[in-house]
Structures are given as structure tokens and as C-alpha cells.
Asks: 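Pasting a structure here, questions to come.
Here is the naming used below: chain letters follow the sequence lines, and residue numbers restart at 1 for every chain.
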There are 2 protein chains.
Amino acid sequence: MNENTNSILGEFLQSAREAKKLSLRAVEKAVGVSNAYLSQVESGKIKQPSPTILHKLSELYEVAYNDLLSLAGHPVPDDDSRESNAPRVFDRFGDISKDEEQELVAYLAFLRARKGRNE
Amino acid sequence: MNENTNSILGEFLQSAREAKKLSLRAVEKAVGVSNAYLSQVESGKIKQPSPTILHKLSELYEVAYNDLLSLAGHPVPDDDSRESNAPRVFDRFGDISKDEEQELVAYLAFLRARKGRNE
DNA sequence: TTCATGTGCTTAGTCTATCAAGCGCCGCTA
DNA sequence: TAGCGGCGCTTGATAGACTAAGCACATGAA
């Protein structure tokens with residue numbers, strides 16, 4: 001009950017990294033996650049890396065983000081958004097009212113202003 | 001710098017809960033998340049609840065899990081299918097980055113949640 | 001040989017999500 | 001009036017994600 005070398009997520013990530021012929025430090029440089037942490041994830045010591053980190057790795061390794069989410073034990077969106085017939089809040093970006101459009105425009109301006117200021 | 005009390009995720013979740021006429025303790029009972037924690041999420045004190053919790057809430061409140069992920073700032077798996085009918089509304093801005101699009105989607109959710117509550 | 005650089009790994013610490021316990025405030029009903 | 005049960009909220013503690021620093025081993029030059 002103690003030794004967990006069997007982390008499917010860890011093994012999967014290690015395979016993907018080696019397939020790309022990348023060292024832990026190369027990955028650290030590429031995605032901004034410490035090699036120490038990556039090592040622990042691959043060895044199964046860390047069980048649930050955040051979606052943010054999984055997303056970065058999925059892009060680097062060119063594997064499906066959904067798969068990593070699933071392997072990490074996070075709920076995967078498409079899986080059961082179909083199962084429950086929850087009304088989608090955005091049925092698609094499609095029908096946006098004039099008011100909403102105006103607010104979104106303002107908000108986008110705000111986002112860009114803020115981004116320009118930091119960094 | 002930031003003492004942010006305005007959390008879009010928090011307001012959205014509060015709107016959804018009140019729309020269902022549920023107390024924090026009722027939600028606690030339903031999904032197994034402490035009312036203390038729910039209170040902090042709604043007030044914006046907690047920034048990034050785990051996908052697992054967001055998923056449970058999305059089912060209870062009958063809102064899209066993807067939307068909650070987005071509001072919480074977690075990467076959302078790309079639905080490549082909707083790439084094609086990207087919102088015409090934003091054409092005037094030229095290119096919108098993925099990040100920006102995600103923030104706009106989140107903000108739209110917030111707008112609509114707020115409208116629903118004041119109605 | 002010696003030095004330099006790259007590798008995976010360990011450890012100590014920080015930060016934050018999450019919970020258990022308990023507070024004070026209401027609206028009841030006896 | 002007292003008391004009860006539900007309400008939102010605060011606080012202290014715990015667990016686990018994540019990093020900085022450094023260790024030990026390897027390779028390959030000078």
C-alpha cells in the first residue's frame with residue numbers, strides 16, 4: 001500500500017516526454033514547470049497536477065488534453081455534459097444581444113489595457 | 001495590489017445557487033462540499049476550486065461544466081467543432097487570442113448570470 | 001587526471017484548496 | 001419570554017501541489 005510506481009498518468013507523461021526526446025530540464029524550460037515537480041509527477045508521487053500544467057504538457061507533447069485530464073482523475077467535460085441535459089449557458093457564441101456585445105467590447109478593451117500595463 | 005472581492009466565478013455560482021433556491025448548507029449536503037468553503041468561493045476568497053468540485057456544482061445547478069472551468073481559469077478542452085463559427089461580433093478587433101476568447105466567454109457567463117438574478 | 005556541464009532525483013519549504021468547529025443573527029413556536 | 005434550528009460567515013488546522021536548492025552520477029573535453 002505504500003509504493004506507487006504505478007501511476008498511469010506518470011508513465012504516460014514519461015513515455016510522451018521520451019518520445020519527444022526531451023529531458024526534464026528541457027521541459028522545465030519549455031513550459032515553466034520545475035524539473036523537480038515533473039520528476040515527482042512521472043514517478044507517481046504527485047497524484048493530481050493542475051489542469052493548467054496538464055494543458056501545457058499536452059501541447060508540448062502533442063497529446064490530447066482530455067486524456068491527461070482523465071488520467072489525472074479530473075472530470076472531463078464532454079464526458080457527461082451530454083449525460084445531463086443542462087442548458088448551456090452559451091449555446092454557442094451565436095446569439096449575443098446588443099447590450100451584451102457592448103459589454104464584451106468594453107471588457108476586451110479592459111483586458112488588453114491591463115495586459116499592456118503588466119509586463 | 002489586488003484585494004479583489006469581485007470574483008466572476010463566485011458571483012456566477014451564487015446566482016446559480018439562488019436561482020435554485022438552495023442554502024449553502026443544502027448544497028453542502030447535496031454535493032459534499034463544506035458550506036464554509038462554498039461561502040469563500042462565492043465571495044471570491046478562493047480563486048480556483050478543483051475541477052472535481054466544479055463538476056459537482058455544475059450538475060446540481062444545471063449549468064455547463066465547461067463554463068465553470070472557464071470561469072475558474074482552468075484551461076478548457078478545445079471544441080474544434082465550433083472553431084468555424086467564431087463570433088462575428090469580434091471581427092472588428094481583428095485577432096482574438098485563445099486566452100482572450102476564454103476570458104470573454106467567462107465574462108459573458110457572468111453577465112448572463114447577473115441578469116438572471118436581477119430579473 | 002580535472003573540470004565543466006547535463007541528467008534524474010530528493011528534500012525542505014511555501015502557498016493554497018479544503019474542512020471542522022464555532023460564532024452571531026434571524027424567524028419561528030411554545 | 002426562552003429556546004431551537006437554520007442561516008451565512010470566520011478562523012485554525014491539515015493536506016497536497018509546486019518550487020528552489022542541492023546531491024550523486026554520467027559524459028566528454030583539455
Asks: Hey, does B/Pro51 have a side-chain heavy atom less than 4.5 Å from the side chain of A/Pro51?
Replies: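 Counting from C-beta outward, A/Pro51 and B/Pro51 do come under 4.5 Å.
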Asks: Using heavy atoms and a sub-4.0 Å distance, could you list which residues of residues 16-38 of chain A are near DNA chain D? By number, please.
Replies: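 By residue number: A/Arg25, A/Gly32, A/Val33, A/Ser34, A/Ala36, A/Tyr37.
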Asks: Could you state the interatomic distance from CD1 (A/Ile46) to CD (A/Gln48), rounded to the nearest 0.5 Å?
Replies: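 It comes to 11.5 Å.
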Asks: Check the distance between D/dG16's C1' and B/Ile46's CD1 and give it to me in whole angstrom.
Replies: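 Going from CD1 in B/Ile46 over to C1' in D/dG16 covers 15 Å.
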Asks: Could you check how far NZ of A/Lys47 sits from C1' of D/dG16, rounded to whole Å?
Replies: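 After rounding, the gap between these two atoms is 8 Å.
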Asks: Measure from CD on A/Gln40 to P on C/dC9 and round the result to the nearest Å.
Replies: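 These atoms are roughly 11 Å apart.
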Asks: Only distances under 3.5 Å count here; give the side-chain donor-acceptor pairs of residues 31-41 of chain A to other protein atoms, sequence neighbours excluded, each with its distance to 0.1 Å.
Replies:
residue, atom, partner, partner atom, Å
A/Ser34, OG, A/Tyr37, N, 3.1
A/Asn35, ND2, A/Glu28, OE1, 2.7
A/Gln40, NE2, A/Ala36, O, 3.3

Asks: How close do A/Pro49 and A/Leu54 get, counting heavy atoms only, and between which atoms?
Replies: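 In this case the closest contact between A/Pro49 and A/Leu54 is O-CD1, 3.7 Å.
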Asks: Find out whether B/Glu42 and B/Arg17 are in side-chain contact, i.e. whether some heavy atom of one side chain is under 4.5 Å from a heavy atom of the other.
Replies: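 Answer yes - side chains close enough.
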Asks: Which pairs of donor and acceptor atoms, one on a side chain in residues 56-74 of chain A, lie under 3.5 Å apart (sequence neighbours left out)?
Replies:
residue, atom, partner, partner atom, Å
A/Ser58, OG, A/His55, O, 2.7
A/Glu62, OE1, A/Lys20, NZ, 2.2
A/Tyr65, OH, B/Pro75, O, 2.8

Asks: List in chain and number order the residues that pass side-chain contact (heavy atoms from CB on, under 4.5 Å) with B/Ala26, two or more places apart in sequence or in another chain; answer none if no residue qualifies.
Replies: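 B/Ala26 satisfies side-chain contact (heavy atoms from CB on, under 4.5 Å) with B/Leu22, B/Ser23 only.
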Asks: What's the NZ-P distance between A/Lys45 and C/dA12, to the nearest Å?
Replies: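 Roughly 12 Å, once rounded to whole Å.
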Asks: Measure from CG on A/Leu13 to P on C/dG8 and round the result to the nearest Å.
Replies: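 One finds 14 Å between P of C/dG8 and CG of A/Leu13, rounded.
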Asks: Looking at residues 48-64 of chain A, who's got a heavy atom less than 4.0 Å off DNA chain D?
Replies: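 Residues of residues 48-64 of chain A that come under 4.0 Å of DNA chain D are, in numerical order, A/Gln48, A/Pro49, A/Ser50, A/Ile53.
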